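One structure below.
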Amino acid sequence: MLKLTCPNCGVTGEETEFHPGGEAHLKRFGPGSSDDEFRDYLFQRVNPRGVHFERWRHQYGCGKWFHAARCTQTLEVFGTYTAQTSEIPQNIIDAIKSRRPDWEPEA
Amino acid sequence: MSDPVTGLKGAHFTGDISVTDAGLIGMISIRGDFNAPAFRNAVAAVTGHAVPETRAISGDATGGLAWMSPDELLYFCSYAEAPSKADALSDQLTGTHHMVAVISDARAVFRLSGAGVRDVLAKGAPVDLDPARMGAGEIRRTRLGQVAVAFWFAERDVVELVCFRSVAGFVMDWFEVTAHAGSEVGFHG
Ligand SMILES: [Zn+2]
C-alpha cells in the first residue's frame, strides 16, 4: 500500500485518497522552443525503477497539489513537500540519501 | 418563489446506527489568505469564530466554522441568515483577495448517531477512526465509497457529515447497506 502525507493539511492517507499527477519538476518548453524540445516536454518521462519525484493532488481531502519523493520499486516514501518549488528541498535529498546511499540527484 | 428543500428531503434510516437528514442548513464557502489580518478579522467579526487551526472545526453544523484547506473555510449558520451573512462577509472583505459563496443548496448534511458510527464510517472511508486519532474538534475530508465527504464528531457517537447535494441519495443508499441491522462490526467499541 502506498501511503502519502499531504504537506498542505497534514493528513496521512492511502493512495485512493489522492490523485497522481505524473513526473515532477518538468521544465516547460512552449512557444519558441524546438520541435524536439516540445516533443520531449510532452512525452518523454524518466520512468525510473527506484527513486522518483512525482506530483500528487489530495483529491478527496484538502484538494491541494504537492510533491512526493518515493521509490517506484518498494513504494517507500522518502518525503512529501510543497508544490510551490521547482527545486528538490535539501531535507528530501538527505532523506533519500540516508536510505539510498548510492543515489545522486540529477544535475 | 419555491420552498427550499434538502437533497435528502427529510430521509431517515435506522439500522445499526441512525442516519438522518440534518435539514436545511446555511453554508458559506469562504476563501482567502488566512495569514492576512483583514481576512481573519472579517471572518471573526461576521461568524463569531476565529479562523480554525489546520483541520479543526469550531462549533458544528448548527453554527460553526471549519477548516477545509489552506485557503478555504466552511461556515455553518441557519439557512435563512446565510445570504445576509455572506453579504456582511463580502462587505468586510472588500479590497481583500477573497471569495464568498452561499452553498447551502449545493451540499447535503447528514447526522449519524449510534455506538457503531466509527465502524460504519470505517467501511467506506480510508481513515483511522480510533478515538485517539479522530476525535471532537477535527474535520476530516476524505472519500466515502467513491464520493467526497467531510465529517466530524459533534458529540461522542454523533457524527455530522457533509457531501455534495448531487450525491446525497447515493450516500443515503450507502448507509442503508453498510449500517443495515445486524451488520455491526464491534471493532471500535
Ligand atoms: Zn491535504
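Each chain gets a letter, A, B and so on, in the order the sequences are listed, and its residues count up from 1. Note that the structure is a prediction, hence the values are computed from the model and not measured.
In this structure, A:Tyr60 is not a member of the same hydrophobic cluster as B:Met68, with clusters built from ILVMFWY side-chain heavy atoms closer than 4.5 Å. The hydrophobic clustering, which links ILVMFWY residues whose side-chain heavy atoms are closer than 4.5 Å, places B:Ile139 and B:Leu73 apart.
For the atom pair A:Thr12 OG1 and B:Arg133 CZ, the distance stands at 7.5 Å (nearest 0.5 Å). A:Cys62 contributes atom SG, which lies 9.0 Å from atom CG of B:Asp71 (distance to the nearest 0.5 angstrom).
Checked for salt-bridge contact, A:Glu17 and B:Arg140 meet the test: a charged N lies under 4.0 Å from a carboxylate O. Salt bridge status for A:Glu15 with B:Arg143: absent, with no side-chain N to carboxylate O gap under 4.0 Å.
In terms of heavy atoms, A:Lys64 sits closest to B:Ser69 at CE-OG, 3.6 Å. The two atoms that bring B:Arg55 and A:Gly10 nearest to each other are NH1-C, 3.5 Å, heavy atoms only. The nearest pair of heavy atoms linking A:Cys9 to B:Thr54 is O-CG2, 3.5 Å.
At most 12 non-hydrogen atoms from other residues, nucleotides or ligands lie less than 6.0 angstrom from CD of A:Glu87. Other residues, nucleotides and ligands place more than 12 heavy atoms under 6.0 Å from the NE2 atom of B:His180. Counting non-hydrogen atoms of other residues, nucleotides and ligands closer than 6.0 Å to CZ of A:Phe29 gives a total above 12. Within 6.0 Å of atom CZ in B:Phe164, 12 or fewer heavy atoms from other residues, nucleotides or ligands are found, so the atom counts as exposed in its surroundings.
When heavy atoms are compared at a cutoff of 4.5 Å, B:Thr142 approaches chain A by way of both its backbone and its side chain.
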